[in-house]
Every structure is written in C-alpha cells, then in structure tokens.
Amino acid sequence: MGSISRILIIGATGFIGRHVAKASVALGHPTYLLVRDSPASAKPERAQLLDSFKASGANILNGSLEDLASLVEAVKKVDVVISTVGGEQTANQLNIIQAIKEVGTIKRFLPSEFGNDVDNVHAVEPAKSLFEQKVKIRRAIEAAGIPYTYVASNFFAGYFLPTLSQAGLTAPPRDKVVIFGDGNARAVFVKEEDIATYAIRAVDDPRTLNKTLYLRPSANTLSFNELVALWEKKIGKTLEKVYVPEEQVLKIIEETPFPGNIIIAITHSVFVKGDQTNFEIGANGVEGSQLYPDVKYTTVDEYLNPFV
C-alpha cells in the first residue's frame with residue numbers, strides 16, 4: 001500500500017473526531033489536528049483532550065473552517081484530509097474542498113459522514129435536509145475531481161446501545177421497550193473506536209479509493225426485535241413491547257422541537273424504513289469487516305455485557 005500517509009483531521013475534539021485522531025496516531029500516521037483557537041479552548045475537558053493528543057505525538061494547528069488561509073496552510077502539510085465536523089458545519093466543508101483544490105496534492109479526502117449512506121436514504125424532515133447537505137458535499141468533491149472515501153459507518157454504538165434507543169433513559173430498559181415500526185428492519189451498531197480504526201485503515205488502501213466504505217459487521221447487524229431479544233436473554237426477563245406504527249412516529253417527529261426531532265427522524269429512517277440495510281452494496285462500495293478481517297471489532301453482544 002506504499003508509504004504511510006500524513007493525515008489532517010478537522011473536528012478532532014468532537015464525538016467521533018477524537019476517536020479518529022487517536023486511531024490515526026495509534027496506527028502510526030503523522031497526525032495533524034486543525035483546532036479553533038477560541039475561548040472554547042479554556043474548557044477543561046477540551047484542553048485536557050488537546051493535551052493528551054499532544055502527548056501522543058499529534059501536531060496541533062490553529063485554524064478554522066471559516067479561515068481559508070489557515071485551511072490551505074494545514075492541507076499543505078499532509079497527504080490525507082479527514083473531516084469529522086458536526087452537522088451544523090456540514091456546508092462549511094465546501095471551504096475544505098476549496099483548500100484541497102488550491103493545494104492540489106491531496107491523495108484522499110474523507111468528508112464528515114460517519115452515519116447512513118446519504119445516497120440511499122428515505123428520510124423525512126429535518127433529517128432529510130441534513131442528509132441532503134452531505135449529498136451536496138459528495139457531489140462537490142466528485143465535481144472537483146478530488147480522490148475520496150465516504151465512510152458509511154451507520155449507528156454509533158455509544159449513542160444507541162446504552163439505552164436501546166429509549167428516550168429519557170440512562171441505561172437499557174428493564175420493564176418496557178418502545179419500538180418504532182414493526183421492529184424487523186435491520187440496523188448496524190458499531191463502536192466508535194472501531195469506526196475510527198476502519199476509517200484510518202482505509203486512507204492508504206487502493207481498494208477504498210473513490211468508493212463508499214460501509215461498516216456492516218455481521219454480528220452487529222440486527223433488527224430491533226433481535227436487539228431486544230438479545231437484551232432479554234442477558235437479563236433473564238421478557239420486556240413489555242410497545243410498537244409505534246409509522247404514522248404515529250411521523251406525528252411524534254412533527255410535534256418534537258429541534259433538535260430532538262432530528263434524532264427521531266434519523267431513527268425513523270433506520271428502524272422504520274430500514275435505510276442502513278435495505279440495499280445491496282454495489283460496485284461503488286466495499287465493506288470494512290470483510291476488507292480488514294484482522295480488526296477485532298466489539299460485537300453488540302459484548303457491548304451490552306457491562307449493562308447487565
């Protein structure tokens with residue numbers, strides 16, 4: 001696969017970005033992190049995180065998505081750019097594309113995806129607009145002729161499994177579980193550290209060039225009914241199941257204020273429409289656990305054990 005790439009990560013202090021940064025360093029890549037130099041840096045948790053990155057050997061660069069000059073200078077230092085910015089900054093990735101075009105030497109760009117494959121969704125608002133913004137970034141990358149990999153990692157395990165996607169809970173349910181739709185659509189749950197490892201493994205891999213890297217590990221691809229059955233087996237108890245038909249889910253989305261409605265709209269896309277698994281991976285895609293069978297990913301079964 002040739003020499004090991006120098007990687008720039010934009011959004012390294014975010015939810016998935018911190019894992020991507022750690023994986024980049026752990027897998028031996030010279031790693032650069034573009035960090036906004038702002039009063040937010042004074043937040044103890046963020047400062048501590050940046051200190052840990054520095055101690056691990058990552059290079060901290062000051063700059064922002066809005067400052068094209070700082071982006072260009074950062075991009076000049078690397079071979080690969082990975083964006084892990086949050087949804088509110090999706091559109092600003094056009095500036096990253098501009099910087100990559102100006103520099104002209106980037107071997108791969110991974111835009112901020114890390115969820116559903118946005119070219120294969122049947123979402124309602126407000127998730128629909130969020131996904132459409134990501135589609136716009138994809139088309140801009142392709143129009144610019146920038147080499148890319150899109151990471152369709154599906155659900156963050158840490159976001160959904162600790163509560164089995166139950167609103168208002170801080171642990172998996174012990175008595176009753178609410179299930180959107182009929183519970184048969186299959187979803188994919190991947191631990192954040194594993195998502196990061198697969199993403200970094202892909203950056204120098206010719207098999208992932210100009211393709212979507214899907215994460216569909218077989219042990220982590222389950223319907224909601226299968227997930228509940230697994231949990232019931234672990235706690236030795238049958239839960240009361242409340243199934244919410246689609247028309248009622250749509251009404252809940254309409255009545256829920258922002259940003260809660262986005263989460264419900266995404267879960268509708270996944271658990272009702274089946275948008276993570278209702279299509280075959282075509283010629284423009286590859287599956288991570290098949291490409292990298294040596295990566296020992298955490299299974300859903302293993303993930304749930306500490307909650308028992």
Side-chain angles (χ1 to χ4, degrees), residues 1 16 19-20 23 80 82-84 90 107-123 127-128 130-142 146-157 159-161 181 183-227 266-301 303:
M1 291 185 194
I16 191 64
H19 297 292
V20 175
V80 170
I82 302 176
S83 171
T84 59
T90 298
K107 297 195 301 189
R108 197 83 63 99
F109 177 36
L110 281 62
S112 190
E113 294 260 342
F114 305 102
N116 287 15
D117 174 15
V118 292
D119 279 322
N120 283 289
V121 287
H122 306 82
K128 183 171 182 279
L130 182 69
F131 291 153
E132 283 171 351
Q133 280 192 326
K134 292 191 174 189
V135 170
K136 185 180 173 185
I137 296 299
R138 285 188 177 193
R139 300 295 89 85
I141 291 166
E142 292 155 15
I146 295 168
Y148 64 84
T149 300
Y150 305 139
V151 181
S153 54
N154 297 307
F155 271 156
F156 295 144
Y159 205 94
F160 289 91
L161 293 183
N184 292 326
R186 306 193 98 201
V188 187
F189 308 87
V190 189
K191 192 176 181 181
E192 292 77 1
E193 289 88 343
D194 297 333
I195 293 170
T197 298
Y198 285 121
I200 298 298
R201 286 288 295 271
V203 299
D204 286 326
D205 191 341
R207 299 173 297 177
T208 60
L209 178 62
N210 296 337
K211 291 190 186 294
T212 299
L213 174 70
Y214 293 94
L215 299 187
R216 288 186 185 177
S218 56
N220 291 15
T221 305
L222 299 94
S223 70
F224 210 118
N225 288 330
E226 289 169 333
L227 183 61
I266 291 171
T267 53
H268 166 265
S269 159
V270 175
F271 291 131
V272 179
K273 295 300 187 184
D275 281 343
Q276 291 182 348
T277 57
N278 62 10
F279 60 94
E280 296 297 320
I281 295 173
N284 292 324
V286 287
E287 199 284 312
S289 65
Q290 291 179 13
L291 280 190
Y292 313 112
D294 57 306
V295 174
K296 297 288 178 267
Y297 66 87
T298 300
T299 66
V300 169
D301 191 317
Y303 195 99

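Computed over heavy atoms, backbone and side chain alike; hydrogens, waters and symmetry mates excluded.
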What residues form a side chain to side chain donor-acceptor pair (under 3.5 Å) with [X], not counting sequence neighbours?
| X | answer |
| --- | --- |
| N225 | N184, Y243 |
| S83 | Q93 |
| D275 | H122, S269, N278 |
| T299 | E302 |

Tell me, please, which residues at least two apart from E193 pass side-chain contact (heavy atoms from CB on, under 4.5 Å). H19, K191

Where the side chain of S153 meets the backbone of I195, is there a donor-acceptor pair that is under 3.5 Å apart? no

In a table with atom names and distances, give each donor-acceptor pair under 3.5 Å that connects a side chain of residues 282-289 to protein atoms at least two apart or in another chain.
residue	atom	partner	partner atom	Å
E287	OE1	S289	N	3.0
E287	OE1	S289	OG	2.5
E287	OE1	Q290	N	2.9
E287	OE2	R216	N	2.8
E287	OE2	S289	N	3.1
E287	OE2	S289	OG	3.1

Sub-4.5 Å side-chain heavy-atom contact between [X] and [Y]:
| X | Y | result |
| --- | --- | --- |
| L291 | R201 | no |
| L227 | L161 | yes |
| V151 | Y198 | no |
| N210 | Y148 | yes |
| Y292 | T197 | no |

No-hydrogen, no-angle side-chain donor-acceptor test under 3.5 Å, Y303 and N220: no

Residues in ring-ring contact (aromatic ring centres under 6.0 Å, His included) with [X], at least two apart?
| X | result |
| --- | --- |
| Y159 | none |
| F155 | F160, F189, F271 |
| Y297 | none |

E132/K128 ion pair, N-O < 4.0 Å: yes

Not counting sequence neighbours, which residues clear salt bridge (charged side-chain N to carboxylate O under 4.0 Å, His left out) with [X]? List them please.
| X | result |
| --- | --- |
| K273 | E246 |
| K107 | none |
| D119 | R138, R139 |

